[in-house]
2 protein chains.
Amino acid sequence: MDIRTLCLGLLTFGEATGYEIKKAFQDRMSMVYDASFSSIYPSLNRLTKEGLVSCRAESQSRRPDRKVYSITPAGREEFLKEIHNAPAADKFRSDFLATLMFSHLLQPGNVSRLIDNQIMDYRQKKDELSQGCGMKQSQSEQFLCGFGVTMYQAAIEYLEQNRHLIEAPAPVRAPAKQSVK
Amino acid sequence: MDIRTLCLGLLTFGEATGYEIKKAFQDRMSMVYDASFSSIYPSLNRLTKEGLVSCRAESQSRRPDRKVYSITPAGREEFLKEIHNAPAADKFRSDFLATLMFSHLLQPGNVSRLIDNQIMDYRQKKDELSQGCGMKQSQSEQFLCGFGVTMYQAAIEYLEQNRHLIEAPAPVRAPAKQSVK
DNA sequence: TATCACTATATCGGACCGATATATATCGAT
DNA sequence: ATCGATATATATCGGTCCGATATAGTGATA
């Protein structure tokens, strides 16, 4: 699912400018997807050329035109086709966890500080999301929101309960046999 | 943290070819990061030019040279500096959840099938990861692995316990006027 | 003997992001 | 009254990264 398709999808909720679509990405999809202007504006231009959206330019005195985009029947049809495709696998990237892969190159104090900060970050994101949850109207959005909160909570608990595994100094012995499975 | 830096990091564990680095990404970092050959090979070339890795070409009869890369002292220093930077925020993308944002455009049966498949996917990935967990030697890797398993488990449980929210038919009322804002 | 999976390299086109540029408007702080 | 921050609103450039594709030998399995 590319940004172009997602823009089309957001326009099924009503007409919008590129700027408003960017806000929609942040407000209702932040935990699931994000997109920058450098993807949104070209997408909108392409969708217009393809006839999947129409563009009404509101000229404003001494300001650049406000371009309001609406989805066309052809666009609606196209989007409907797209969301019936099997979704691609989730993608997750974490610089934090990548750094921890190399925790043997860091001082113990640094590892602890890293984990403390990450927990704080997760907590803050979870709180922001929780607050936003109440504002959402649709069931879909509530569901999405709840998913995000759950994941942050799980991450926080895991870090708290298992941080000792990489904070403790490595046992100086011949490596013990690990019980496989 | 870009792929180039991560390649440098993986070389702190020992010398490797580009192909082996790709395998390392899949075997020990899959749930945290991934990289394709189209990123790895150029990264290795650039690191060589920069003097952060050295390259020993093992010429093989009737096959392209096997290029074995090793990290240099300068590379080690550079990487150490890099992992002391504050890590960027996690990034998560889910076509599955994005699709669910538009579940009002799908038939209830399709939504259920989508969720069933996703749960199956998560279960499979979790099992693969669990199995791999036993094989890992270092505490860091055990920790990473456990993190992944925990997250998959949390996702599965959330989907199972909350799917009714979007599977249930929406209450039939006058449709409120919506906008993307 | 054919097919598959693995080792091993590399590039092209395209998707996407971060930084930057350009204006104006509004609102609170100094 | 002015200053800085934030918001509205557009758009592009350089660069990173991925998916698809190309090439080619080896060994195992069917």
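Residue numbers begin at 1 in each chain, while the letters A, B, ... track the order of the sequences.
For residues 109-121 of chain B, the side chain to side chain donor-acceptor pair (under 3.5 Å) pairs, not counting sequence neighbours, are A:H84-B:N110, B:N110-B:R113, B:S112-B:E167, B:D116-B:R163, B:Q118-B:Y122. The list of salt bridge (Lys or Arg N to Asp or Glu O under 4.0 Å) pairs with a residue in residues 81-106 of chain A, not counting sequence neighbours, is empty. Within the structure, the side chain to side chain donor-acceptor pair (under 3.5 Å) test picks out the following pairs touching residues 98-108 of chain A (sequence neighbours left out): A:S103-B:S140.
What separates CD of A:E58 from P of D:dT10 is a distance of 10 Å, to the nearest Å. To the nearest angstrom, P of C:dT7 lies 13 Å from NZ of B:K22. Between the P atom of C:dA15 and the CE atom of A:M1 lies a distance of 16 Å, rounded to the nearest Å. When the C1' atom of D:dA9 is taken as reference, atom CD of A:Q26 falls 14 Å away, rounded to whole Å. B:L6 places its CG atom 10 Å from the P atom of D:dC18, with the value rounded to the nearest Å. Rounded to whole Å, the distance from CZ on B:R4 to P on D:dT16 is 9 Å. If you measure from atom CZ of A:F25 to atom C1' of C:dG18, you get 17 Å, rounded to the nearest angstrom. A:E15 places its CD atom 13 Å from the P atom of D:dA9, with the value rounded to the nearest Å.
With DNA chain C read from its 5' end, the first of the two nearest nucleotides for B:K91 and B:V68 is the one closest to B:V68.
In this view, A:E78 and A:R4 satisfy the salt bridge (Lys or Arg N to Asp or Glu O under 4.0 Å) rule, not counting sequence neighbours. With sequence neighbours left out, the side chain to side chain contact (heavy atoms under 4.5 Å, CB included) criterion links B:A98 to A:M1, A:L6, A:M29, A:V32, A:Y33. By the salt bridge (Lys or Arg N to Asp or Glu O under 4.0 Å) test, B:R46 is found to be paired with B:E50, residues two or more places apart in sequence or in another chain being considered. When the salt bridge (Lys or Arg N to Asp or Glu O under 4.0 Å) test is applied to B:E160, the partners found at least two apart in sequence or on another chain are B:R123.
Neither OP1 nor OP2 of C:dC6 sits under 4.0 Å from any side-chain N or O of B:K23. Within the structure, every side-chain polar atom (N or O) of A:R66 is placed at least 4.0 Å from both OP1 and OP2 of C:dA23.
A:D2 and A:T5 form a side-chain donor-acceptor contact under 3.5 Å, judged by distance and modelled atom types alone.
Taking the side chain of A:E20 as heavy atoms from C-beta on, and the options D:dC18, D:dA9, C:dA8, the nearest nucleotide is D:dA9. Here D:dA7 is the nucleotide among D:dA7, C:dA8, D:dC17 with the atom lying nearest to any side-chain atom of A:Y19.
Recorded end-axis angle for the helix from C:dT1-D:dA30 to C:dT30-D:dA1 stands at 30°, based on five pairs per end and rounded to 10 degrees.
DNA chain D lies under 4.0 Å from at least one heavy atom of each of the following residues of residues 33-46 of chain B: B:D34, B:A35, B:S36, B:S38, B:S39, B:R46.
In plain terms, the two heavy atoms of B:L8 and B:G75 that are nearest each other are CD2-O, 3.6 Å.
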